[in-house]
Amino acid sequence: MDDRNMESGCSHYNDVESDHSKCIIHVDIDCFYAQVEMVRNPELRSVPLGIQQKNIIVTSNYEARKYGVQKCMLVTDAFKVCPNLKLVNGEDLHNYRTASNKVFVVLQSWKCPVEKLGMDENFIDVTNLVQEKLKTTNNTNVNLAGQTYKEPSMDCPCGCHTRLRISSQIASEMRKKIYDDLSFTTCAGIAHNKLLAKLICPYNKPNNQTTIYPEHGTSFMSTLQSVRSIPSIGPKMTETLISQNIITVSDLQEVSVDVLKKHFSSDMAVRLKGLSLGEDNTPVKQTGKPQSIGLEDSFKIVSVKSEVEDKFSALLQRLLVLVREDGRIPVSLRVTLRKKDAKRLSSHRESRQSQVSPSIFILSNGSLTVTEAGQQKLMNIIMRLFNKLIDLSKPFHLTLVGLAFTKFQERMTGRGSIVNYLMNDISVQSVLNLQNECDTSATSMDYSAVSPSSSTTTDLSDAEVEPSPKKPKKVTWIAKRRCLSKEEVASPSKLKVGELRLNSKELEKVSELRLNSRDRSLTPRASPAKDNMSDTSDNMKECEERNCDDCPSYVDKEVFSALPDEMQKELKAMWKNPSGSGVPRSSPRTTNKPKPNTIMKYFVPHK
DNA sequence: CAGGGCATCT
DNA sequence: AGATGCC
């Protein structure tokens with residue numbers, strides 16, 4: 001028997017050994033864009049309001065919905081059903097982003113992992129918080145807040161009913177705080193996994209919340225008609241499933257995993273079947289800074305190189321602003337384009353990427369800048385990548401170009417970490433030029449960079465809220481690093497702060513973290529980027545490697561030996577095991593069957 | 001249709 | 001690198 005049952009598993013009727021131990025809340029802001037506009041201009045509250053992008057209504061307030069103004073409706077059609085519809089242009093997403101980040105910050109004050117999904121949705125894993133509450137109050141007689149999908153028919157021996165009721169109280173507090181602080185009404189779904197939390201969330205709309213108990217997971221899922229309504233089943237999978245006559249969630253529940261394995265990877269087959277039954281063990285991953293920052297521009301057609309260059313130049317200018325706001329130093333750049341192709345209507349993008357020298361980016365007065373020469377260097381890299389993608393001896397026709405920075409230098413900020421130690425000597429920091437991905441474990445309760453007290457005072461007139469600086473990645477050491485010039489190594493102490501790969505905001509953060517006495521576990525572990533170690537980038541060639549037995553080439557031996565013994569030891573240990581032992585990926589699929597030949601535009605389930 | 005921007009998996 | 005998915 002599975003020993004999960006000893007702890008938190010339940011075994012009752014057709015739910016033999018599922019794990020109910022987690023408590024997940026999904027929070028969804030009601031008609032998000034419309035609410036942002038209504039908060040900005042309260043007069044809009046009492047009138048039917050539509051948010052317009054191009055020629056469509058992307059969302060509407062509930063006043064407008066009374067008239068039948070729906071999402072994704074053409075503006076002309078909307079006026080037909082609601083002649084006095086008030087329109088607000090929503091093409092500039094800046095205000096929405098700001099508001100979205102504020103909600104995210106509010107949710108973080110509960111000190112649980114928060115995962116942002118788009119602008120208006122968040123998952124919160126409150127499992128630990130619930131456990132703590134249970135310990136201190138020991139009261140299993142808790143009232144449910146909000147609605148339930150269905151009352152439970154029996155007690156679950158694992159205690160999940162109590163935990164979910166406590167979760168519903170927490171969800172209610174969260175929604176209240178979002179409303180009190182930011183004036184947004186929200187919906188919430190409470191369940192023992194992300195799938196059910198998300199799907200049950202809109203069950204009582206708007207401005208309400210719904211809890212679903214594990215025993216109703218499977219039956220609830222079967223009320224969803226189309227397999228498409230399961231998150232992670234997109235158009236492609238839907239098409240494949242339908243070609244096999246698997247159309248409803250019920251169909252999927254009844255099909256055997258073996259049949260699914262004929263069309264999907266083994267992992268996916270198992271996962272799909274699980275999802276159809278309301279099972280989902282994917283963790284809530286703390287959202288941090290993005291792993292890439294990019295922009296793209298689509299257009300009818302571009303066939304001239306100089307035009308392409310202009311497009312990229314414009315994109316680069318905009319992108320550099322975003323990167324400056326982000327604060328991290330990019331080390332890799334990707335160029336994407338889409339060729340005009342009659343066969344493939346859309347998508348089919350191609351891309352090439354290469355490293356960029358971090359020295360292009362200069363930190364002065366705490367903000368990232370790139371000199372004219374630096375920008376020219378970037379343009380050179382971009383056009384070189386472009387040449388890899390396009391044979392200029394032949395005509396070309398593009399419909400999209402894109403630019404993205406995809407890897408960043410990061411600094412480890414854990415208390416007691418090497419970097420933290422090094423912060424005491426800024427010159428040493430610059431010499432080592434540490435490049436790693438920072439962070440704490442996703443299940444850790446440590447989000448000290450965002451304090452709850454500061455978040456209670458947010459209001460919409462504030463400047464843009466910076467999202468959590470945390471990344472749900474553990475410490476990773478990357479082999480390729482910037483080499484140092486002789487001058488830099490020779491007199492590290494002469495370096496000006498402005499030249500350091502560290503801005504003032506981050507220094508501030510580091511000192512905050514130092515003050516925070518809570519311990520962090522910064523256990524190194526498998527690097528997801530380990531494959532990139534073999535990257536050989538053309539433009540890094542100038543970096544001649546100096547060999548050193550104990551330490552990597554990017555660290556000057558002299559500087560290294562000048563460090564305290566303890567630190568040398570710590571560094572050596574990490575160099576020995578740069579990325580931990582890679583977790584081998586589960587074996588690739590043996591049976592990947594050809595795609596179905598059915599051409600399915602949309603699947604519209606019958607009621 | 002509307003598509004931009006990000007993550008994840010292979 | 002590319003495909004797929006999500007909002």
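Below, chain A is the first sequence line, B the second, and so on; all start at residue 1. Reckoned from all heavy atoms, side chains included, excluding hydrogens, waters and symmetry mates.
- Side-chain atoms of A/L117 lie closest to C/dC7 of the nucleotides B/dG4, C/dC7, B/dT10.
- Taking the side chain of A/Q291 as heavy atoms from C-beta on, and the options B/dA2, B/dA7, C/dA3, the nearest nucleotide is B/dA7.
- Per the geometry, CG belonging to A/L319 stands 12 Å off C1' belonging to B/dG5, to the nearest Å.
- The separation between A/R271 atom CZ and B/dC9 atom P is 9 Å, rounded to whole Å.
- For C/dA3, one of the phosphate oxygens OP1 or OP2 lies less than 4.0 angstrom from a side-chain nitrogen or oxygen of A/H348.
- Comparing C/dG5, B/dA7, B/dA2 against the side chain of A/S292 picks out B/dA7 as the nearest.
- Rounded to an integer number of Å, the gap from A/Q52 CD to B/dA2 P is 12 Å.
- Atom CZ in A/R338 sits about 8 Å away from atom P in B/dG3, given to the nearest Å.
- Comparing C/dC6, C/dA1, B/dA2 by their nearest atom to the side chain of A/Q353 picks out C/dA1.
- A/D280 pairs with exactly one of A/R271, A/K273, A/K194 by the salt bridge (Lys or Arg N to Asp or Glu O under 4.0 Å) rule, that one being A/R271.
- The side chain of A/R352 lies closest to C/dA1 when the candidates are C/dA1, B/dG4, B/dA2.
- Ion pairing between a basic and an acidic side chain is recognised when a charged N comes within 4.0 Å of a carboxylate O; A/E239 and A/K236 show no such pairing.
- Comparing B/dT10, B/dG3, B/dC6 against the side chain of A/I293 picks out B/dC6 as the nearest.
- In this structure, A/K71 does not reach the B/dA2 phosphate: none of its side-chain N or O atoms is under 4.0 Å from OP1 or OP2.
- Note: NZ (A/K285) to P (B/dA7) measures 10 Å, nearest angstrom.
- The heavy-atom pair separating A/Q35 from A/S183 by the smallest distance is OE1-O, 3.6 Å.
- Across the protein-nucleic acid pair, A/M268 atom CE and C/dG5 atom P stand 8 Å apart, rounded to whole Å.
- For the pair A/D30 CG and C/dC7 P, the computed distance is 16 Å after rounding to whole Å.
- Between A/Y179 and A/F184, the gap from one ring centroid to the other reaches at least 6.0 Å.
- At distances below 3.5 Å, not a single donor-acceptor pair connects side-chain atoms of A/R328 with backbone N or O atoms of A/Q409.
- Here A/R349 does not reach the OP1 or OP2 of B/dG3: none of its side-chain N or O atoms lies under 4.0 Å away.
- Remark: the A/H263 side chain and the A/T240 side chain contain no N/O donor-acceptor pair separated by less than 3.5 Å.
- Counting non-hydrogen atoms under 4.0 angstrom, A/I233 reaches the backbone sugars and phosphates but no base.
- Between A/N55 and A/L295, the residue anchored closer to the 5' end of DNA chain B is A/N55, taking for each the nucleotide with the nearest heavy atom.
- Here the side chain of A/S298 is nearest to one of C/dC6, B/dG4, B/dA2, namely B/dG4.
- Comparing C/dC6, B/dC6, B/dG4 by their closest approach to the side chain of A/P290 singles out B/dC6.
- In this structure, the nucleotide among C/dG5, C/dG2, B/dG3 sitting nearest to the side chain of A/K236 is C/dG5.
- Taking atom CG of residue A/N122 and atom P of nucleotide C/dC7, one finds them 13 Å apart after rounding to whole Å.
- Here A/S351 reaches the OP1 or OP2 of C/dG2: one of its side-chain N or O atoms lies under 4.0 Å away.
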